[in-house]
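To start, the structure itself, in structure tokens.
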Amino acid sequence: MTSGRAQLLRDMVRIRVVEETLADYYRDEQQMRTPTHFSIGQEATAVGVCAATTSQDLVFTAHRSHAPYLAKGGDLKAMVAELYGKQAGCAHGRGGSIHLVDRAVGFGGSAAILGEMIPVAVGAAWAFARSGRPRAVATFFGDGATEEGVFAESLNLASVHRVPVVFVCENNLYSISSPIGARQPAGSTIQDRAEAAGVTAARVDGNDVFAVYEAAQRALRHCREGNGPYLLELATYRWREHVGPGFDHGQDHGYRPVRETEAWMARCPIVRATEILREQHPDIDRTVAEWSAQYGDEIQRAVVYAKEQPFPDVDALLDGAYHPVPR
Amino acid sequence: MTSGRAQLLRDMVRIRVVEETLADYYRDEQQMRTPTHFSIGQEATAVGVCAATTSQDLVFTAHRSHAPYLAKGGDLKAMVAELYGKQAGCAHGRGGSIHLVDRAVGFGGSAAILGEMIPVAVGAAWAFARSGRPRAVATFFGDGATEEGVFAESLNLASVHRVPVVFVCENNLYSISSPIGARQPAGSTIQDRAEAAGVTAARVDGNDVFAVYEAAQRALRHCREGNGPYLLELATYRWREHVGPGFDHGQDHGYRPVRETEAWMARCPIVRATEILREQHPDIDRTVAEWSAQYGDEIQRAVVYAKEQPFPDVDALLDGAYHPVPR
Amino acid sequence: MRTLTYWQAISEATVQCMEADESIFIAGEGVDDIKGTFGTTKEAYARFGANRVIDVPNSENATAGFAVGAAACGLRPLLVHTRADFMFLALDPLVNLAAKWRYMYGGDKGGVPVVTRGVVGRGWGQGATHSQSPHATFAHYAGLYVAAPASPADAKGLLVQALTGDTPVVLVENRNLYPLTGEVPAGATAIPFGVGRIARRGADVTVVATSLMVHEAERAAVQLAEQGISVEVVDVRSLRPLDDRIICESVARTGRLVVADTSWARYGFTAEVAAVVAEHIPHALTAPIRRLALPDCPAPVSWPLEEAFHPGAGGIVEACLQLCGQAPGDLPALADVAAGFQGPY
Amino acid sequence: MRTLTYWQAISEATVQCMEADESIFIAGEGVDDIKGTFGTTKEAYARFGANRVIDVPNSENATAGFAVGAAACGLRPLLVHTRADFMFLALDPLVNLAAKWRYMYGGDKGGVPVVTRGVVGRGWGQGATHSQSPHATFAHYAGLYVAAPASPADAKGLLVQALTGDTPVVLVENRNLYPLTGEVPAGATAIPFGVGRIARRGADVTVVATSLMVHEAERAAVQLAEQGISVEVVDVRSLRPLDDRIICESVARTGRLVVADTSWARYGFTAEVAAVVAEHIPHALTAPIRRLALPDCPAPVSWPLEEAFHPGAGGIVEACLQLCGQAPGDLPALADVAAGFQGPY
Ligand SMILES: Cc1ncc(C[n+]2csc(CCOP(=O)(O)OP(=O)(O)O)c2C)c(N)n1
Ligand SMILES: Cc1ncc(C[n+]2csc(CCOP(=O)(O)OP(=O)(O)O)c2C)c(N)n1
Ligand SMILES: [Mg+2]
Ligand SMILES: [Mg+2]
């Protein structure tokens with residue numbers, strides 16, 4: 001069972017299992033000392049988009065970085081070691097959860113200042129376009145980041161220079177505890193803002209991995225064919241608290257109705273993809289269970305590995321801030 | 001002949017005469033040591049919008065400040081003295097051409113960092129709205145300023161909080177020597193971007209003072225009635241160089257075709273308003289000539305006044321940077 | 001006198017000032033949320049509601065400009081950033097507009113008293129862009145006041161001064177101070193900017209510090225006292241205006257100076273304090289000055305690196321011993337103030 | 001050796017580097033226009049065209065981020081701001097991203113060698129937001145190099161170094177230097193960051209200066225020589241890394257220090273240089289140090305105020321005389337370097 005569609009489901013299952021396991025360790029042992037933004041519930045956006053990229057394409061993200069990193073093929077052990085602050089981490093423990101990177105697979109980096117990576121992706125894509133090769137760049141960010149001026153500046157810049165970049169907005173309706181309605185006007189969408197900047201755009205159900213995948217293929221083709229940038233607005237929802245391992249809707253955090261969260265959880269992207277695939281693959285549930293077990297093992301091993309790894313050498317604290325000064 | 005429409009023409013004539021006179025002095029005597037952005041050719045935008053405001057409304061502007069300052073009723077002598085760097089200047093010589101202010105008539109200030117005054121106007125208008133009085137704010141800026149992220153941020157902020165602010169974009173097609181086509185995507189307009197942010201917007205011929213006036217009235221009414229912000233995109237054209245007194249289209253500056261400039265000069269807002277009024281006022285040309293003479297005298301007197309005024313006291317260099325520190 | 005935590009003192013100052021002056025409002029991302037900016041805006045929101053405690057979009061630049069406009073029309077905005085690092089995006093309106101407004105428009109009209117609170121300091125692995133202390137950047141540009149209160153009483157008094165004064169103010173609050181307790185006057189009494197405080201009297205070395213480092217200096221002083229070294233700790237309280245006199249008077253007495261800060265040394269707080277002494281009383285120095293600041297790299301996440309990165313009491317002890325010509329010896333390691341931090345963020 | 005103006009030296013460095021390395025491109029508002037950023041980008045545009053000399057929208061933040069992305073993909077962006085004041089809008093991507101990139105992603109992968117040129121300095125009434133020199137702000141944050149060349153040769157050599165190195169760089173150019181001439185090597189030879197230069201040898205007072213102030217110091221030195229005072233002028237060339245050694249060696253010889261800068265004193269260049277001396281050789285000082293910097297107000301427009309506001313040779317003369325215990329006397333007033341500026345802007 002290795003059809004393309006099944007692979008999308010499989011990738012989501014892997015990310016879910018990895019993140020849930022990490023969340024447990026994070027909460028129970030508090031050994032990962034890095035603020036961590038889980039994508040649990042949002043796996044379809046990362047998987048659908050990254051699956052549509054080639055190994056030559058680059059992906060950048062904001063703080064909610066694990067899922068795109070893994071979906072793009074980032075090294076799991078290096079990610080977990082990074083969360084544990086170890087030298088074996090993908091950023092040698094300097095960066096943490098919010099600064100994942102794996103250039104070998106085309107994961108260009110994640111950053112935690114809202115909107116900061118959006119123009120970076122435009123610049124990277126522009127560099128690609130200059131080289132004449134049909135490479136593209138995708139950049140993930142949340143609904144909240146679209147309020148940063150740099151988002152509008154980047155749309156405009158990419159549009160004027162017809163840069164092959166896909167802006168991927170994971171609209172999960174919240175910026176920490178602020179609902180989108182308190183931050184953006186009703187009656188207009190992020191898609192609208194992109195289109196008004198001359199950027200082709202589409203809104204897609206971000207919990208439907210197949211729909212995301214197809215939309216991302218269209219978007220990337222559009223870019224590769226020299227038609228300029230594309231924006232995908234993907235409606236989705238995070239299940240856990242903004243930062244950290246816990247659920248918060250059951251607690252008295254008051255910012256989102258329990259019913260809303262539960263309704264979105266009922267629209268779990270993994271469950272949905274499973275249901276869709278069940279017609280063709282009647283034994284899909286067993287397969288998913290096998291995958292879960294397999295990835296459960298993988299992440300447990302990655303955690304063991306990460307814990308065993310040494311911390312960075314304190315004497316090397318300054319290393320890498322600068323290239324050696326020629327004197 | 002004091003009909004409302006004639007008054008609009010008259011205000012334009014005054015600004016034109018003042019600016020042309022100042023440009024001559026500026027060039028010939030080089031005593032005004034302050035970078036100066038003339039609005040010659042763009043008078044209809046300032047006059048049309050400001051005439052629609054009440055004395056309770058506030059106006060803010062960017063660097064192209066003289067015309068809105070005068071249209072709003074700013075003190076001419078204080079402006080000229082400011083350009084000459086005198087203590088009698090509206091900013092006591094501290095601010096110069098780009099920092100005009102006259103709160104007594106509702107001119108809130110001008111500033112030279114692109115886009116900077118746009119959110120300021122939103123904040124001022126929000127303060128008005130809180131006070132419950134039907135006051136509104138208008139903020140002038142160029143097409144180039146709409147590329148600054150703060151413009152998009154301000155549209156969104158004003159839209160979400162339904163702030164009574166009129167965004168007045170004087171689209172003169174250039175940012176210094178960069179044509180708008182090199183900076184913004186073809187096929188979408190500034191109006192489009194405003195609407196995508198939930199801001200009601202209209203595009204109006206910015207060289208037709210009557211059209212601008214009516215549009216501004218609509219916009220201000222919209223604001224006062226609590227319907228939130230409004231954007232006016234006013235197509236216009238500056239005749240002179242970006243900064244400084246000279247014409248540059250005849251010289252080999254290469255950035256805008258001589259034909260283009262001449263075509264726009266043929267659409268002079270003063271000539272157009274004169275023609276429209278001629279039907280009702282057959283002796284309009286004589287009247288305009290009288291006004292010109294009258295304002296010619298006024299500006300000459302203002303220049304004489306400004307020159308006679310003392311410079312600020314050098315010993316007072318630090319005064320006003322801080323309130324005295326209580327110690 | 002009653003005892004409050006640092007965050008309670010800020011909350012109390014805010015509420016009292018808002019009660020006394022209807023023109024004050026709070027704006028910031030999430031200021032209305034259940035955590036209420038480390039508790040500091042929670043009571044204000046409960047008392048004054050969404051009309052005066054305003055959640056804003058993620059638009060730091062426009063929000064600061066908005067505040068300038070509101071201030072120009074008679075309101076008193078109190079802006080809050082849960083990480084001061086985000087204030088780089090608001091630097092233009094604060095430094096190019098708010099700081100210059102009063103002067104640029106003549107110097108005799110109203111200013112724009114925008115008060116901005118920025119939270120600084122480490123948590124657990126906040127990393128390179130979520131733990132910086134940009135106070136020196138704001139203090140370099142004339143036109144603003146910049147303060148970094150170290151005690152609950154100062155947190156209250158300086159905020160009261162900010163909310164009742166006419167000059168735009170940037171207040172830097174180290175998040176590790178929020179749980180600290182101290183005596184705080186019940187009334188809304190202002191503490192003027194530009195007046196430092198002797199946090200501890202001593203005779204052998206002066207440690208000039210700001211914000212969190214005042215506490216690190218005090219802990220260092222306790223240990224050093226056991227070694228027979230008497231440390232004077234000067235808390236400058238505000239960086240602009242800076243109380244040159246209190247610094248110089250102390251150094252004139254002790255002859256030795258250590259400056260401690262939570263930002264980088266170059267072009268920072270430690271540089272300015274050293275310069276003040278070199279400008280006024282270099283001859284009083286019996287030893288070179290020492291600067292305790294961040295090493296010249298971005299903040300790392302991994303905790304052993306993070307521990308090594310952030311200066312603390314231990315480094316101050318070492319510097320003082322060295323200035324007094326004593327060997328470091330094997331004193332017990334001092335836990336930093338921030339070591340009390342209970343994660344996970 | 002040939003003589004070039006400062007702007008020609010910058011242009012030549014740019015063109016030579018762009019010829020040698022196809023990955024270099026220029027981006028900035030109006031870099032392609034007929035004036036070519038005070039002439040500095042004109043030849044590059046003529047030679048390499050719009051594909052490599054790119055006019056960008058008025059979006060300083062996104063443009064800097066764009067440059068970071070391009071650099072991360074192997075290109076070498078050279079960003080140009082006709083006023084460094086606009087760089088406040090680009091501070092976040094430069095300080096929170098470019099400066100930290102290499103370290104934050106592990107320290108062993110590539111950096112993002114974004115080079116940013118910012119024009120500083122007064123013209124005629126440029127005013128509060130168009131004449132600032134924000135070098136200290138950029139130099140405070142670890143991860144960037146910051147330089148402020150004073151001579152045509154350094155303008156070329158430091159730009160060559162920037163365009164061939166791996167670290168992001170901010171170069172500050174005082175517009176009043178553009179017409180100055182000096183000998184400039186024909187080849188594209190790099191001058192390393194962190195190495196200062198003795199601009200003039202002297203024995204009685206050291207003036208440490210940067211950018212335009214080096215020239216003001218040299219003019220002051222000429223006049224002082226006539227008074228029998230021998231002034232050593234140290235041009236630091238780069239602010240980060242800063243050549244502590246050359247500063248200390250000079251002050252160790254002269255015992256007297258004046259620091260001169262075109263920005264404010266507090267938390268600025270003058271503070272850092274003073275601190276370096278206080279940190280290493282305070283005992284060498286035979287007199288308090290003096291700082292020549294902007295008075296603590298925004299830049300005024302009115303020309304008598306502007307004259308009084310900007311520090312120049314006259315102030316340096318006075319400070320040196322005072323340090324050497326001589327009365328100011330009635331020396332002829334010295335015209336500043338910028339006094340040669342021909343308006344109107
Ligand atoms: C410039 C800036 N402002 C504020 C923050 C604090 N912050 C971190 S994540 C976040 C919420 C972002 O919401 P969104 O972009 O929708 O992403 P989500 O967390 O929902 O995935 C905020 C406000 C920040 N990191 N950077
Ligand atoms: C933030 C910023 N970037 C760049 C500039 C330089 N600048 C001054 S005016 C101007 C052109 C602005 O064009 P536009 O907004 O259309 O106004 P116009 O001059 O055409 O009236 C530019 C780029 C500036 N003042 N501020
Ligand atoms: Mg969100
Ligand atoms: Mg324009």
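Protein chains get the first letters and strands the later ones, always in sequence-line order, with residue 1 at the start of each.
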A:Ser175 OG to C:Asp55 CG distance, which is reported to the nearest 0.5 Å: 8.0 Å
Heavy-atom neighbours of A:Lys86 NZ exceed 12 at 6.0 Å: yes
Chain C-proximal positions within residues 187-195 of chain A [heavy-atom distance under 4.5 Å]: none
Interface residue of largest heavy-atom contact number with chain A, from C:Gly127, C:Ser59, C:Pro298, under 4.5 Å: C:Ser59
Top of C:Ala50, C:Ala308, C:Gly30, C:Pro57 for chain A proximity - count of heavy-atom pairs under 4.5 angstrom: C:Pro57
C:Trp124 vs A:Met32 side-chain heavy atoms within contact, under 4.5 Å: no
Segment of C:Glu306 engaging chain A (4.5 angstrom heavy-atom cut-off): neither
Close side-chain approach of A:Glu148 and C:Glu60, heavy atoms under 4.5 Å: yes
Interface moiety of C:Ala62 toward chain A, non-hydrogen atoms closer than 4.5 Å: neither
Residues of residues 310-317 of chain A near chain C, each having a heavy atom less than 4.5 Å away: A:Phe311, A:Pro312, A:Asp313, A:Val314, A:Leu317
Heavy-atom proximity to chain C below 4.5 Å, by part of A:Ile98: side chain
Proximal component of C:Asn61, with respect to chain A [non-hydrogen, under 4.5 Å]: neither
